[in-house]
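Report on the structure given below.
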Amino acid sequence: MTRPAFTAARRIVIKAGSAIVDGQSPACAAIANDIAYLRATGVDVVLVSSGAIALGCPRLGINRDGETDRLSLEQKQAAAAAGQPALIQAWEQAFAAHNITTAQALITLDVTESRRRWLNARATLNTLLGYGAIPIVNENDTVATDEIRYGDNDRLAARVAQLIGADLLVLLSDIEGLYDADPRSDPAARLIGDIPTIDASIHAMAGDAVSSVGTGGMKTKILAAEMAASSGCATAISLGSVEKPVLRLASKSCGSWFHPSQSTASAREQWIAGSLNPVGKICVDDGAASAVLQGKSLLPIGAISIDGKFERGDTVQITNAGGKLIARGISAYDAADARRILGRQTGEIEAILGYRRSAALVHTDDIVLV
Ligand code: GLU
């Protein structure tokens with residue numbers, strides 16, 4: 001599928017890993033050349049670039065043993081703050097040769113977890129693309145804590161692909177793709193070029209291998225490909241430090257290619273299902289649990305308890321009385337108001353709150369079963 005998927009793509013998200021950007025401006029120049037070519041042919045491109053932490057460490061005199069994971073959260077945040085300007089500068093320089101304006105977009109997990117922020121981020125990226133700029137996205141590591149962090153830009157890039165409705169996600173890495181064994185130790189290892197569906201055997205092949213510089217390994221790339229597939233977006237994993245790292249995907253059979261899923265969920269469903277870290281939890285009784293499982297709305301009367309602090313429009317987890325996650329959905333009320341109407345009849349909502357926005361706590365259109 002490589003050639004058609006690449007040549008048909010109108011919107012591409014390209015992710016460059018730390019191993020590529022880490023002080024290697026020739027790699028940035030090669031990627032920028034390819035992006036300039038794509039843009040000239042009318043393709044929208046968003047670049048997701050890692051490397052802030054990798055570039056920031058030497059600037060602060062932080063010694064790494066090759067693995068960013070050994071750094072404390074404070075060190076990672078400080079290194080990201082010191083490295084992000086250098087990262088943007090490297091890309092600015094690379095794109096200046098093509099007279100292309102770059103735009104920095106730093107995203108935290110909550111941007112993709114809150115529907116309002118999500119729509120806002122989407123509008124901004126679309127506006128930038130409309131003006132012909134190349135958005136350069138990274139996680140806002142400096143304010144992200146471990147609990148609210150993607151941590152790897154693979155899944156962040158998949159989220160960005162969902163955000164802008166991309167049809168292709170390219171994960172450029174220090175490895176050509178997914179192998180059936182570790183190519184560094186096994187010379188017989190074979191590259192899996194075409195992956196129509198991501199099943200348990202594919203996840204098993206990805207193992208726990210982690211790239212030496214970035215935080216993501218093959219595992220997070222497969223998870224990213226899975227997220228992208230659910231939105232009808234194909235994914236290619238391939239080597240970034242080669243000539244024409246992106247354009248070569250069109251002309252040669254290289255990299256590992258993941259097909260988009262056949263049955264793609266609606267944009268709203270994808271957004272709910274792809275939420276990594278829902279901020280709140282609604283525990284429901286047995287009657288409400290079976291109603292939700294049968295595709296009905298969650299009414300206040302069926303709710304037993306509300307956990308967490310969330311706003312109206314945030315994604316929440318819906319658990320059964322035993323605490324098992326059964327669905328995710330968008331709450332029609334904020335946490336404080338949801339607590340006030342918990343266990344009450346729908347007809348009482350207005351008298352309790354002074355307003356009624358919805359008869360349901362979570363409407364069936366806003367529920368995705370797990
Ligand atoms: N956001 C991190 C950085 O720019 C990288 C995360 C990753 O390695 O994917 O340094």
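Quick note: residue numbers are just sequence positions, from 1. Note that ligands are numbered from 1 as they come in the structure, with each ligand's atoms numbered from 1 the same way.
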**OP:** Please indicate whether Gln89 has more than 12 foreign heavy atoms, meaning atoms of other residues, nucleotides or ligands, lying under 6.0 Å from its CD.
**Re:** no

Original post:
Do Asn138 and ligand 1 have an N or O pair less than 3.5 Å apart?
Top reply: yes

Original post:
Under a single-linkage definition using a 4.5 Å side-chain heavy-atom cutoff for Ile, Leu, Val, Met, Phe, Trp and Tyr, are Ile237 and Leu239 assigned to the same hydrophobic cluster?
Top reply: no

Original post:
Side chain, backbone, both or neither: which part of Ile53 comes within less than 4.0 Å of ligand 1 when only heavy atoms are counted?
Top reply: both

Original post:
Between the candidates Thr220, Leu171, Leu87, Asn153, which shows the shortest non-hydrogen contact distance to atom 9 (O) of ligand 1?
Top reply: Asn153

Subject >> Side-chain donor-acceptor pair present, Asp199, Ser201, cut-off under 3.5 Å >> reply: yes

Original post:
Between the side chains of Asp286 and Asn320, does any donor sit under 3.5 Å from an acceptor?
Top reply: no

**OP:** Work out whether the distance between some heavy atom of Gly51 and some atom of ligand 1 is less than 4.0 Å.
**Re:** yes

Original post:
Polar-atom distance check: Ser50 versus ligand 1, any N or O pair below 3.5 Å?
Top reply: yes

**OP:** Mind telling me whether Tyr333 and Tyr355 have parallel, tilted or perpendicular rings, with 30° and 60° as the class edges?
**Re:** tilted

Original post:
Between Ala52 and ligand 1, is there a nitrogen or oxygen pair with a distance under 3.5 Å?
Top reply: yes

Subject >> Enumerated ligand 1 atoms positioned under 4.0 Å from heavy atoms of Asp141 >> reply: 1 (N), 2 (C), 3 (C), 4 (O)

Original post:
For Gln104, which residues count as a side-chain contact (heavy atoms from CB on, under 4.5 Å) partner, sequence neighbours excluded?
Top reply: Gln84, Ile88, Leu106

**OP:** Record the part of Leu156 in heavy-atom contact with ligand 1 below 4.0 Å; permitted values are side chain, backbone, both and neither.
**Re:** neither

